[in-house]
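Shown next, in structure tokens, is the structure this report addresses.
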Amino acid sequence: VDELYKMCEIARDMLVGDNLVGRVIARPFIGEVGAFKRTANRHDYAIDPPGKTMLDYMKENGKDVISIGKIYDIFNGSGITDKFKTVNNLDGINKTIELMRKDFNGLIFTNLVDFDMMYGHRNDVEGYANAISEFDSKLPEIIDNMKEEDLLILTADHGCDPTTPGTDHTREQIPLIVYGKNIKVSNLGLRESFSDIGKTILDVFGIGNDLHGKSFKCDIISDC
């Protein structure tokens, strides 16, 4: 694993300028030919975002920005105030709940990578279904630990349908579910951009920004 990381670090240093790529990904695996299995030692070597992100605005305004899972790697640490690695979905869920019980002011940004890495890309329908059931079983505990003013946003970065032939991403449109104990019931409809989510989060915190996107704060907050 250390040798793989070293190779990826060398590749990261090379793939800049005219050869720029967004991420070099180390994906360690174990097993035999025909039955390889990825381990939890994945590491992403990214570049800094090309401009300010929601996370940067949050951090600059004194808010906590807590990364759980590979979020820190994806943003190359930019805009993150604290990070926690995970070994699987359940670990990420449990770390999220644990942090929700602590006093903080800002954002917990959690990525549950198993849906994509272990099941979607591997066309494992049963594994995907079991992972969804596992998350569903923990959702009441997440909700029970939400404070009155908290917002829970469930979304994704792309579709990765395990029933679609091939191992590529299957769609760009994503699910978007927003829950809070005091929000309005609203159909957010088909949004124009994924960036609406970041725009809304900053709007909820009252943080001015120049991000692309349209906030849906007034669709979910009664006293907007």
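The basis for the numbers below is simple: all heavy atoms, side chains too, and nothing from hydrogens, waters or symmetry mates.
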Donor-acceptor pairs under 3.5 Å, side chain of residues 70-79 to any protein atom, not counting sequence neighbours: which ones?
unit_1 : atom_1 : unit_2 : atom_2 : d
Asp73  : OD2    : His43  : ND1    : 3.3
Asp73  : OD2    : Asp44  : N      : 3.3
Asn76  : ND2    : Asp48  : OD1    : 2.8
Ser78  : OG     : Asp56  : OD1    : 2.9

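- Note that CE of Met58 and CZ of Phe109 are 10.5 Å apart. Values are rounded to the nearest 0.5 Å.
- Between Ile108 and the choices Thr96, Leu152, Val65, the side chain to side chain contact (heavy atoms under 4.5 Å, CB included) rule is met once, by Thr96.
- Contact of the Leu188 side chain with the Ile220 side chain is registered, since non-hydrogen atoms from C-beta on lie closer than 4.5 Å.
- Judged by distance alone, with hydrogens and angles left aside, the side-chain atoms of Asn105 form no donor-acceptor pair with the main-chain N or O of Lys63 at under 3.5 Å.
- Two residues are said to be in side-chain contact when any heavy atoms from C-beta on lie closer than 4.5 Å; Asp82 and Asp64 fail this criterion.
- When all heavy atoms of Arg27 and Arg42 are compared, the closest pair comes out as NH2-NH1, 3.5 Å.
- Put simply, the side chain of Asp219 does not reach to within 4.5 Å of the side chain of Thr200, judged on heavy atoms.
- More than 12 non-hydrogen atoms from other residues, nucleotides or ligands lie less than 6.0 angstrom from NZ of Lys217.
- Listed by first then second residue, pairs satisfying salt bridge (charged side-chain N to carboxylate O under 4.0 Å, His left out) with a partner in residues 86-99 read Asp91-Lys95, not counting sequence neighbours.
- A 4.5 Å side-chain heavy-atom check between Val21 and Arg12 finds at least one atom pair inside the cut-off.
- Proximity of Phe84 to Leu99: side-chain heavy atoms (C-beta onward) are separated by under 4.5 Å at one or more points.
- Residue Thr163 holds its OG1 atom at 10.0 Å from OH of Tyr128, rounded to the nearest 0.5 Å.
- Shortest non-hydrogen contact noted between Thr170 and Cys160 is OG1-N, 3.5 Å.
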Hey, mind stepping through Asn89 and Phe135 against side-chain contact (heavy atoms from CB on, under 4.5 Å) and telling me if it holds? CA-CA 8 Å; Asn89 276 6; Phe135 177 76; over 6 Å; no
Under 3.5 Å, which donor-acceptor pairs link side chains of residues 172-180 to any protein atom two or more places apart or in another chain?
none

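- The aromatic rings of His169 and His158 lie parallel to each other, their planes meeting at an angle below 30°, with 60° marking the opposite boundary.
- Side chain of Lys184 to main chain of Cys218: a donor-acceptor pair is present (N/O by atom type, distance under 3.5 Å, no hydrogens or angles).
- Counting only heavy atoms from C-beta outward, the side chains of Arg171 and Asp161 approach each other to under 4.5 Å.
- Here His212 contributes atom NE2 and Glu192 contributes atom CD; the two are 7.5 Å apart, rounded to the nearest 0.5 Å.
- Atom CZ of Phe29 sits in a sparse spot, with 12 or fewer heavy atoms from other residues, nucleotides or ligands closer than 6.0 Å.
- Here Ile97 contributes atom CD1 and Met146 contributes atom CE; the two are 12.0 Å apart, rounded to the nearest 0.5 Å.
- Phe115 and Ile142 fall within a single hydrophobic cluster, where Ile, Leu, Val, Met, Phe, Trp and Tyr are joined by side-chain heavy atoms under 4.5 Å apart, directly or via other members.
- Hydrophobic clustering, with ILVMFWY side chains joined whenever heavy atoms are under 4.5 angstrom apart, groups Ile132 together with Leu139.
- Hydrophobic clustering of Ile, Leu, Val, Met, Phe, Trp and Tyr side chains at less than 4.5 Å, counting indirect connections, unites Ile68 with Ile143.
- Residue pairs meeting the salt bridge (charged side-chain N to carboxylate O under 4.0 Å, His left out) criterion with at least one member in residues 138-154, sequence neighbours excluded: Arg101-Glu141, Lys138-Glu141.
- Contact record, Ala156 with Phe194: O-CE1, 3.0 Å, taken as the closest heavy-atom pair.
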Below 3.5 Å, can you tabulate the donor-acceptor pairs from side chains in residues 201-210 to any protein atom, sequence neighbours excluded?
unit_1 : atom_1 : unit_2 : atom_2 : d
Asp203 : OD2    : Ser215 : OG     : 2.7
Asn209 : OD1    : Lys199 : NZ     : 2.9
Asn209 : OD1    : Leu211 : N      : 3.1
Asn209 : ND2    : Ile207 : O      : 3.1

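- Atom NZ of Lys59 sits about 13.5 Å away from atom CG of Leu107, to the nearest 0.5 Å.
- Contacts of Glu3 classified as side-chain contact (heavy atoms from CB on, under 4.5 Å), with partners at least two apart in sequence or in another chain: Lys6, Met7.
- One hydrophobic cluster, built from ILVMFWY side chains closer than 4.5 Å, cannot hold both Phe104 and Met54; they sit in different ones.
- Counted within 6.0 Å of NZ on Lys181, heavy atoms from surrounding residues, nucleotides or ligands total more than 12; the atom is thus considered enclosed.
- Between the CD1 atom of Ile197 and the OG1 atom of Thr155 there is a distance of 3.5 Å, given to the nearest 0.5 Å.
- If you chain together hydrophobic residues whose side chains sit under 4.5 Å apart, Val113 and Ile25 never meet in one group.
- Looking at heavy atoms from C-beta onward, Pro162 lies out of side-chain contact with Asp124 at the 4.5 angstrom threshold.
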